[in-house]
Amino acid sequence: MKRFELERAITDNELLLHYQPIVAVPSRKLTGVEALVRWKHPERGIVSPMEFVPEAEATGLIRKLTFWVLREALLQSNVWRRDGAALTVAVNLSVDNLHDAHFRRYVDLTLKVAGGPELLIVEASSRALARDPAPPVGTLELMRDRGIRVTLDDATEEDAHILESFPADIVKVSRGLITRMGRDHRALEYVRAVLRAARERGLEATAVGVEDEATWGRLAELGFSGAQGYLIAAPMPPAQLAEWRSAHL
Ligand code: C2E
Ligand code: MG
């Protein structure tokens, strides 16, 4: 993949967002969505973010990419709001964005033109924050001062110290732990450890990667208040989400 190709993708609107429902536990009521970027490549078809987000981070294009995602997600959330659905929209950030002074300014600007912060959630990888020699705690605080909620994403037992001290509202427990916890006692213990740390801080906990009813059945007792995963729905384009919503009301 070449830098200019990715740059073209961002400027020529080859990127698109899919939205994955996040539901309340145990009601299964839709509360919000996570925006997940895809690249509609002219020759290769839909390309996964796992392929091009690392590239965007390595080349500095992550600033442009995140700006695009943020704006697109906020505009979509306004469309839903107009249709009478107040869904929160969670956007994934790179830690690089949190270190970028332009990013803070861009957030303020975007909020001005694209609507208030009440429905916006930003997600940052717990692992990336844990590894950062100078973690951007100030920017997370700034987001929360603006009324934007912060999610510590993809958390595992190793990130407990992050959960104990970083400014945040929500913790998302890693898909790896959630899919293993039904058959692997240690994974279950790790999930409990993350939830303990979350509870002590008063953070809400969301389970990612819920794929079966057996896993769903344990979430409430463990202390999760939100869930997302293929059992509920895969990420989908906005038009499909509208259909999904009307079928699940
Ligand atoms: P993430 O933030 O942890 O997002 C959840 C990923 O798990 C998504 O993959 C989603 O499709 C997948 N997933 C959800 N439920 C299930 C399930 O039940 N089973 C399985 N097997 N997978 C499930 P996706 O869309 O490929 O995104 C991968 C990662 O790429 C994201 O992980 C996030 O770290 C990154 N990413 C996606 N969009 C963006 C973006 O706009 N900006 C940045 N910086 N990163 C992004
Ligand atoms: Mg995420």
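We number each residue from 1, following the sequence as shown. The figures that follow rest on heavy atoms only: side chains count, while hydrogens, waters and symmetry mates do not. Note that ligands are numbered from 1 as they come in the structure, with each ligand's atoms numbered from 1 the same way.
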Atom of [X] nearest the Mg ion (ligand 2) (restricted to N/O/S, atom name only):
X	value
E34	OE2
E123	OE1
D153	OD2

Please work out, at 4.0 Å between heavy atoms, whether the side chain, the backbone, both, or neither of [X] comes within that distance of ligand 1.
X	answer
Q228	neither
E34	side chain
T179	neither
V69	side chain
K172	neither

Verify the contact flag for [atom], where contact means a protein heavy atom under 4.0 Å away.
atom	answer
atom 26 (O) of ligand 1	yes
atom 34 (O) of ligand 1	no
atom 6 (C) of ligand 1	no

Exercise. Is there a donor-acceptor pair closer than 3.5 Å between any side-chain N or O of D154 and the backbone N or O of S125?
Worked result: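 Checking the backbone N and O of S125 against the side chain of D154, no donor-acceptor pair under 3.5 Å is found.
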Exercise. Counting N and O atoms only, with roles assigned by atom type, does the side chain of Q20 sit under 3.5 Å from a partner on the main chain of A233, one being a donor and the other an acceptor?
Worked result: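 Yes.
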Exercise. Hey, is ligand 1 close enough to Q20 that some N/O pair sits below 3.5 Å?
Worked result: yes
Exercise. For N92, is at least one N or O under 3.5 Å away from an N or O on ligand 1?
Worked result: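 Yes, N92 has an N/O under 3.5 Å of an N/O on ligand 1.
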Exercise. Is D154 near ligand 1, meaning one of its heavy atoms is under 4.0 Å from it?
Worked result: no
For this session: Would you please determine whether H18 falls within less than 4.0 Å of ligand 1 on a heavy-atom basis?
Result: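 Not so, H18 does not reach ligand 1.
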Exercise. Going by atom types alone, do R38 and S48 pair a side-chain donor with an acceptor below 3.5 Å?
Worked result: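 Side-chain D/A pair, R38 to S48: absent.
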Exercise. Between Q240 and H18, does any side-chain donor sit less than 3.5 Å from a side-chain acceptor?
Worked result: no
Exercise. Relative to the heavy atoms of G229, which atoms of ligand 1 are at a distance of less than 4.0 Å?
Worked result: 15 (N), 18 (O)
Problem set entry | E34 and K172 ion-paired at < 4.0 Å | yes
Problem set entry | N, O or S from T151 under 2.8 Å to the Mg ion (ligand 2) |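 Looking at T151, which is the residue asked about, there is no N, O or S atom under 2.8 Å from the Mg ion (ligand 2).
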Problem set entry | Candidate pair L6 and E55, rule side-chain contact (heavy atoms from CB on, under 4.5 Å), full reasoning | CA-CA 9 Å; L6 186 55; E55 181 76 12; 4.0 Å; yes
Seminar exercise, completed: To atom 19 (N) of ligand 1, the nearest of E211, R38, E123 on a heavy-atom basis is E211
Problem set entry | Option nearest atom 30 (O) of ligand 1 (shortest heavy-atom distance, choices P49, S174, S125) |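 Selected option, by shortest heavy-atom distance: P49.
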Problem set entry | Close side-chain approach of V95 to L129, heavy-atom, < 4.5 Å | yes
For this session: Mind running ring-ring contact (aromatic ring centres under 6.0 Å, His included) on W80 and Y19 for me, showing each step along the way?
Result: CA-CA 12 Å; W80 287 323; Y19 297 90; 5.0 Å; yes
